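Computed from a prediction, not measured in an experiment: that's the story for all the values here. Hydrogens, waters and symmetry mates play no part in the numbers below; they use all other heavy atoms, side chains included.
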Amino acid sequence: MIKFIVDAQLPYRLAILLREKGFDVKHTDDLPNKELTIDSEICTSAKIENRIVITKDNDFFESCIINKSPSGLLLISTGNILNKVLFNLFNKHFDLIIKYFETCNFVELINDELFAHE
């Protein structure tokens with residue numbers, strides 16, 4: 001089963017939404033340093049626990065491509081949107097997000113479009 005870790009820029013409620021869908025999910029608020037957890041710690045935790053990082057932080061893109069860490073990345077490139085809109089996008093696209101992660105390690109959500117990067 002796919003496991004996730006949600007970065008600090010995204011609401012804790014997103015982790016709850018994914019848990020309600022039956023997934024093993026952590027939020028940075030669940031980690032010892034909470035929202036102060038640095039990216040390298042998130043990558044290390046994701047790698048050790050085989051988690052896909054969900055973030056709005058483009059730095060993870062560079063790390064994923066160059067260093068292959070984290071091994072899975074869902075980049076939310078929607079800009080600033082209401083949490084309600086974010087949750088609706090996840091509900092709408094979630095099955096396809098999961099399907100994409102079966103064959104690739106980088107998926108990007110840009111407003112109402114979803115892209116799987118090889």
Side-chain angles (χ1 to χ4, degrees):
M1 168 164 290
I2 295 177
K3 298 187 288 185
F4 298 99
I5 185 165
V6 179
D7 198 9
Q9 309 94 344
L10 294 166
Y12 194 87
R13 179 72 182 110
L14 180 59
I16 294 170
L17 175 75
L18 297 175
R19 285 183 194 131
E20 290 170 350
K21 292 182 176 294
F23 289 89
D24 181 338
V25 183
K26 286 186 177 180
H27 191 279
T28 52
D29 283 348
D30 298 323
L31 302 176
N33 292 326
K34 301 193 179 292
E35 73 277 354
L36 300 177
T37 304
I38 60 175
D39 292 353
S40 62
E41 289 178 44
I42 295 169
C43 285
T44 299
S45 178
K47 188 170 188 166
I48 290 169
E49 298 179 15
N50 195 31
R51 293 182 184 276
I52 293 169
V53 174
I54 303 174
T55 186
K56 292 180 103 175
D57 186 347
N58 283 326
D59 291 343
F60 281 100
F61 167 73
E62 294 171 12
S63 178
C64 182
I65 298 302
I66 296 168
N67 302 325
K68 305 296 185 211
S69 180
S71 57
L73 178 65
L74 174 54
L75 184 62
I76 309 299
S77 300
T78 57
N80 293 329
I81 60 173
L82 297 173
N83 287 346
K84 179 181 177 181
V85 174
L86 176 68
F87 302 147
N88 286 339
L89 287 173
F90 263 82
N91 282 323
K92 179 178 179 180
H93 295 292
F94 195 71
D95 290 339
L96 189 54
I97 290 169
I98 297 303
K99 182 176 174 131
Y100 281 166
F101 277 116
E102 292 173 3
T103 58
C104 67
N105 65 345
F106 175 39
V107 176
E108 187 172 14
L109 178 62
I110 303 175
N111 296 316
D112 200 27
E113 296 182 85
L114 194 62
F115 298 94
H117 300 277
E118 303 272 334

Could you report the tightest heavy-atom contact between K56 and G79, atom names first, then the distance?
NZ-O, 2.9 Å

Under the criterion side chain to side chain contact (heavy atoms under 4.5 Å, CB included), which of V53, D57, N58 is the partner of L75?
N58

Parallel under 30°, tilted from 30 to 60°, perpendicular over 60°: which one fits the rings of F4 and F94?
tilted

Should M1 and F101 be regarded as members of a common hydrophobic cluster, given that ILVMFWY residues are connected when their side-chain heavy atoms come within less than 4.5 Å of each other, either directly or indirectly?
yes

Before you tell me yes or no, could you show the steps for R13 and N83 under side chain to side chain contact (heavy atoms under 4.5 Å, CB included), namely the whole-Å CA-CA distance, both residues' side-chain angles and the distance that decides it to 0.1 Å?
CA-CA 9 Å; R13 179 72 182 110; N83 287 346; over 6 Å; no

Do I76 and F90 make a side-chain contact, defined as non-hydrogen atoms from C-beta onward lying under 4.5 Å apart?
yes

Minimum heavy-atom separation for A15 and H27, please, with both atom names.
CB-CB, 4.1 Å

Hey, could you give me the CG/CD1 distance between L114 and I97, rounded to the nearest 0.5 Å?
5.0 Å

Is any side-chain heavy atom of I52 closer than 4.5 Å to a side-chain heavy atom of F23?
no

Got a sec, which pairs hit salt bridge (charged side-chain N to carboxylate O under 4.0 Å, His left out) with one end in residues 97-113, sequence neighbours left out?
K92-D112

Main-chain N/O of E41 paired with S45 side-chain donor or acceptor, under 3.5 Å:
no

Is there a side-chain contact between T44 and K47, using heavy atoms and a 4.5 Å cut-off?
no

NZ/NE/NH1/NH2 to OD/OE distance under 4.0 Å, R51 and D30
no

List the steps, then state whether side chain to side chain contact (heavy atoms under 4.5 Å, CB included) holds for I54 with L18.
CA-CA 11 Å; I54 303 174; L18 297 175; 3.5 Å; yes

In terms of hydrophobic clusters joined by side-chain contacts under 4.5 Å, are V85 and L17 together?
yes

Using a 3.5 Å distance criterion without hydrogens, assess whether the side chain of H117 forms a donor-acceptor pair with backbone atoms of C104.
no

Are I110 and I81 connected, step by step, through hydrophobic side chains (Ile, Leu, Val, Met, Phe, Trp, Tyr) whose heavy atoms are closer than 4.5 Å?
no

Can you measure from CG (D7) to CG (D29) and round to the nearest 0.5 angstrom?
10.0 Å

Look up atom OG1 in T37 and atom CD1 in I5, then write down how far apart they are to the nearest 0.5 Å.
7.5 Å

Hydrophobic cluster (4.5 angstrom, side-chain heavy atoms) - remaining members for I38
none

Kindly indicate whether the side chain of T55, heavy atoms from C-beta on, has any atom under 4.5 Å from the side chain of Q9.
yes

Under the 4.5 Å side-chain heavy-atom rule for ILVMFWY, direct or indirect, which residues accompany L36?
none

According to a hydrophobic-cluster definition based on side-chain heavy atoms being under 4.5 Å apart (Ile, Leu, Val, Met, Phe, Trp, Tyr only), do L96 and L74 belong together?
yes

